[in-house]
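First comes the structure, then the notes that go with it.
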Amino acid sequence: MTSVANSYCQSELFDDALELFEEMKCADVEADKFVLSSILSACGRAGNLDYGKAIHDYIIQNGLEVDAHIRCALVTMYASCGCMDMAQQLYDQMIPKNMVVSTAMISGYSRHGRVMDARLIFDQMVEKDLVCWSAMISCYAESDQPQEALRLFKELQILGIRPDQVTMLSVISACAHLGVLDKAKWIHVYVDKNGFGGTLPINNALIDMYAKCGSLERARDVFEKMTRKNVISWTSMINAFAMHGDANNALSFFQKMKEANVEPNRVTFVGVLYACSHSGLVEEGRKVFAAMINEHKITPTHEHYGCMVDLFGRANLLREAVEIVETMPFAPNVVIWGSLMAACQIHGETELGEFAAKRLLELEPDHHGALVLLSNIYAKERKWQDVGDLRQLMKERGISKERGCSRIELDSEVHEFLVADRNHKQADEIYKKLDEVVRRLKLAGYAPNTNSVLVDLEEEEKKEVVLWHSEKLALCYGLINGAKDSCIRIVKNLRVCEDCHTFMKLVSKVYGREIVVRDRTRFHHYRDGVCSCRDYW
DNA sequence: GTAGGGTTAG
């Protein structure tokens, strides 16, 4: 029976393993430390905290909690289930600690985005093998610190530890997050040279990496050369098109995928619906949503409803957007209210926007965007007392917008710029260039648009702030230092504002340069004064 | 004999 339990756990038949454990208890078969460890592992991997706790009780009742292996399995179970307080408490009591349990702690903290806590465990480890290095690299890759992930990968190479496929998947993912194309090309070569190339998961990760680094062509090239493709390959390619605003190809690949008899899953539909909403294909989106439910028997989740709210909201069909919110079978979450609020902002729907913002704040009281929107609405209505209260509240709680940050790569070096950044060694030159660009653009009809500046400033100051947006600084850096005919590639952490969007379009025309900007959610390809998003974003 | 890291979306 024990060996059956073990093999269930190892073959990921967690539910069967748990069931078997029930049978063992009924049959009065005593569970030993081996089977308990396996079952705890199954609980962790299945994320079944309740069952894990029940096993913990059983362990206490039977006086087994002193066993080192059992403790290790318990910590791992709590960490895998995301119960970090409990995991840490047990972990602290473990002396000595081993690599297995420490790695479990690192990935537990990683799933919660608690990078510092993960790093603390990592740094305190006496001995580290490839698995814990991979866990730490993955932690950085998933926590929006791709540069740190790549730094750790470099350190690994210096130490002479050979990475394996799992490490490489995290490294590729880190590069995707970073969004730097030259780095992506380098990693692709590295992967091929070191014999990791050609496998399905690696190819899937490469598709995503190239798409997120701005090269739809290379993503497609990897895809076309694959001899085996699964649902992830197709979904990654559909998302690639969606991200780049090519809804037609996203839909055509969706069609081809079905013809190839690959069954789309819920993630696939998020991609297809996202493509529709970002290109204003309302009718197509409606059809896809219906087909998902009726033909593919997939129950829509928050993400799918969010896409639908977005689809209708962007297209100024706010009544239908509200209908989705009202009729969906569960309570709207932050993302849903946020989509509705954003749509109201685009289309100047004050009343509904206020309503959505208030619902959002009930769920997330410190949501910066919602507070700013409300304060702007109150300002327009001259409710100065309310405006003052909100500003005071934001000040007290220290709520501020994430600072805009853009990067650009030139000559294999990544340069980062914050809003109004003056720290770069070429700062003087960059600001001089900015003046020149503004002068030339004004001749082409440019007028700074301060709609996106929501702080309490005089109009003239607002104009300055808008000109100092990080992507403009990165752009000027590119204009100064890049080859005359090269494409300027910029990655930004926030959404591109209206003014920067116009600015980029004009620069692409006046300076005859191709510019590619990745913002928080998608790509903008500027050429000859036109953006690939056709100003719908 | 037990126990740890991975790719798509959000």
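Naming convention: chains lettered A, B, ... in sequence-line order (proteins, then strands); numbering from 1 in each chain.
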### Message
Distance check needed: B:dT8 P versus A:E263 CD, whole Å only.
### Response
21 Å
### Message
In this structure, how many angstroms lie between the P atom of B:dA9 and the NE2 atom of A:H244, rounded?
### Response
12 Å
### Task
Would you classify A:K212 as touching base, sugar-phosphate or nothing, given that sugar-phosphate means primed atoms plus P, OP1 and OP2, and contacts are heavy atoms under 4.0 Å?
sugar-phosphate
### Residue that, paired with A:N493, satisfies side-chain hydrogen bond (donor to acceptor under 3.5 Å, both in side chains) out of A:E402, A:R518, A:R520
A:E402
### Message
Heavy atoms only, 4.0 Å cut-off, all strands: where does A:V270 land among base, sugar-phosphate and nothing?
### Response
sugar-phosphate
### Whole-Å distance separating the CE atom of A:M77 from the C1' atom of B:dT2
15 Å
### Query
Between the main-chain N or O of A:S134 and the side-chain N or O of A:S138, is there a donor-acceptor pair closer than 3.5 Å?
no
### Message
Just to be sure I understand the rule, does A:T167 reach a base, reach only the sugar-phosphate, or reach nothing, if contact means heavy atoms closer than 4.0 Å?
### Response
base
### Task
Rounded to the nearest angstrom, tell me the gap between atom CE in A:M308 and atom P in B:dA9.
21 Å
### Task
Describe the nucleic acid contact of A:N265 in one word from base, sugar-phosphate, nothing, applying a heavy-atom distance below 4.0 Å.
nothing
### Summary
From the list A:S80, A:C83, A:C43, side chain to side chain contact (heavy atoms under 4.5 Å, CB included) with A:L49 holds only for A:C83
### Query
With a 4.0 Å cut-off on heavy atoms, is A:N239 in touch with a base, just the backbone sugar-phosphate, or nothing at all?
sugar-phosphate
### Query
Any chance the rings of A:F34 and A:H69 have centres within less than 6.0 Å?
no
### Query
Separation of A:D129 atom CG from B:dG4 atom C1', in whole Å?
8 Å
### Task
Choose from B:dG4, B:dT7, B:dA3 the nucleotide whose nearest atom is closest to any side-chain atom of A:C72.
B:dA3
### Task
Quick one: label A:F269 by what it contacts on the DNA or RNA (base, sugar-phosphate, nothing), any heavy atom closer than 4.0 Å.
nothing
